[in-house]
Amino acid sequence: MSAIKEKVLVIGASGQIGVELTLALRKIYGGANVIAADLREENDLLKGSGPYVSLDIMNKEMLHVLILRQNITQIYLLAAILSATGEKNPNLAWHLNMQGLLNVLDIAREENLHKVYWPSSIAVFGPTSPKQNCPQQTIIEPTTVYGISKYAGEFWCNYYFNRYGVDVRSLRYPGLISYKSAPGGGTTDYAVEIYHDALEEKSYESFLSEDTYLPMMYMPDAIRATIELMEAPKEKIKVRTSYNLSGMSFSPKEIAASIQKHIPEFTISYKPDSRQAIADSWPQSIDDSVARNDWGWKPEFDLNGMTEDMLKNLTAGK
Ligand code: NAD
Ligand code: AKB
């Protein structure tokens, strides 16, 4: 089996996606064959499940040495600065998001790595993109530094595939909702916070207005999409920038109503802040038919299914 020969490096493994993706990859390749790396300390949920190294993605030399010493064959690069944090420090966001990716792509080319995974985001789309069922190829004029870095990154991936044959694959994730690890500074983070506050406070103050619809996805679907994309035969991957990916679409008012089915006394209020302008610049829903046709993508969770699972797991964890 080819899985046995692979040695995987997950960079940004202590983050919202990194924790769950690392655990899922360890189930496939074995704990010892998936190295978790991050600038911050090892997440508690990863402890004891496999090796962890402290790594700054900006240190290309250290990254290169680690890849050689550990005979790494695949990299999942998750380290990035997200939309809301990026607007607070645009230079840092651009620098980290671009240089981190270029460091990985360069080493992947030099060392002939089997595969690289790097996520893009719905943040590539801007106010001039279609709001509903935003297609794979359309007008793309991002207005956040995060979106600009993701769009530029998509074309670097495409370039390294076409010019050097690096097998780099990518998904434009929507906002991700999870109960295992906290989100890291995005505009869609409200959809995670709301579940915690619903259980703890029975109320939530939303930083987005009640009718702000955004594309979202429950983490189990996102992890499955990532693994299905990475396991798909190479000839099926026809998009080498990044695939649109869709799960569900809802507003703060709708997620609150979904929670009220389980916690009738839960109340929501609205106090939009600077993240409202970012949300308003993004599409409300995504057309992912290209991913569905090319490698068979199909989401499983809808809003009510996610709410039930989130509340059950958060309650069990208390
Ligand atoms: P996160 O902020 O939760 O995690 C990122 C991790 O990277 C953190 O643990 C952080 O410590 C680490 N990191 C930061 N700088 C680093 C450095 N210099 N060297 C090594 N590690 C460093 O982010 P996430 O939500 O897990 O996102 C992962 C990827 O998925 C990012 O590229 C993000 O843009 C993308 N994405 C996420 C979402 C979402 O909703 N979570 C949606 C679309 C795209
Ligand atoms: C963010 O809100 O910045 C992220 C994303 C959609 O990329 N969750």
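The chain is numbered in sequence order, starting from 1. Just follow the structure's listing: the first ligand is 1, and inside any ligand the first atom is 1.
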Is a side-chain donor-acceptor pair under 3.5 Å present for Thr226 with Tyr173?
-> yes

Would you say the side chains of Asn158 and Arg240 form a donor-acceptor pair under 3.5 Å?
-> no

Quick check: [X] and ligand 2, any N/O pair under 3.5 Å apart?
{"X": "Tyr173", "result": "no"}
{"X": "Trp282", "result": "no"}
{"X": "Asp189", "result": "no"}

Residue, atom name and distance, where the atom is the protein heavy atom closest to [atom]:
{"atom": "atom 34 (O) of ligand 1", "answer": "Tyr146 OH, 2.6 Å"}
{"atom": "atom 27 (O) of ligand 1", "answer": "Ile17 CD1, 3.8 Å"}
{"atom": "atom 43 (C) of ligand 1", "answer": "Tyr173 CB, 3.3 Å"}
{"atom": "atom 4 (O) of ligand 1", "answer": "Gly15 CA, 3.3 Å"}
{"atom": "atom 40 (O) of ligand 1", "answer": "Leu176 N, 2.9 Å"}

Under 3.5 Å: donor-acceptor pair, side chain of Ser83, backbone of Gly186 = no

Checking Tyr195 side chain against Ala191 main chain: does a donor-acceptor pair fall under 3.5 Å?
-> no

Mind checking whether Ala123 contacts ligand 2 via backbone (N, CA, C, O), side chain (CB onward), both or neither, at a 4.0 Å heavy-atom cut-off?
-> neither

Taking atom [atom1] as the centre, does [X] end up with more than 12 heavy-atom neighbours from other residues, nucleotides or ligands that are less than 6.0 angstrom away?
{"X": "His95", "atom1": "NE2", "value": "no"}
{"X": "Glu41", "atom1": "CD", "value": "no"}
{"X": "Lys298", "atom1": "NZ", "value": "no"}

Where on [X] is there a heavy atom closer than 4.0 Å to ligand 1, on the side chain, on the backbone, on both, or on neither?
{"X": "Lys150", "result": "side chain"}
{"X": "Ala37", "result": "neither"}
{"X": "Leu96", "result": "side chain"}
{"X": "Leu55", "result": "backbone"}
{"X": "Ala123", "result": "neither"}

In short, side chain to side chain donor-acceptor pair (under 3.5 Å) pairs touching residues 61-70 with sequence neighbours left out are Lys7-Gln70, His64-Glu111

Rounded distance (nearest 0.5 Å) linking atom CD1 of Ile11 with atom CG of Leu39 | 11.5 Å

A student checking ligand 2 against Ser83 at a 4.0 Å heavy-atom cut-off should list atoms 1 (C), 2 (O), 3 (O)

Heavy-atom contacts with Ser121 under 4.0 Å: which atoms of ligand 2 show up? List them by number with element.
-> 5 (C), 6 (C), 7 (O)

Ile57-ligand 1 polar pair, N/O distance under 3.5 Å | yes

Asp38 to ligand 1: N or O pair under 3.5 Å?
-> yes

Tell me, please: is Ser181 in heavy-atom contact with ligand 1, that is, under 4.0 Å?
-> no

Find out whether Lys253 and Asp211 are in side-chain contact, i.e. whether some heavy atom of one side chain is under 4.5 Å from a heavy atom of the other.
-> yes

Carboxylate-amine/guanidinium contact Glu87 Arg275, below 4.0 Å = no

Determine the interplanar angle of the Trp156 and Tyr159 rings, folded into 0 to 90°, and report it as parallel if under 30°, tilted if 30 to 60°, perpendicular if over 60°.
-> perpendicular

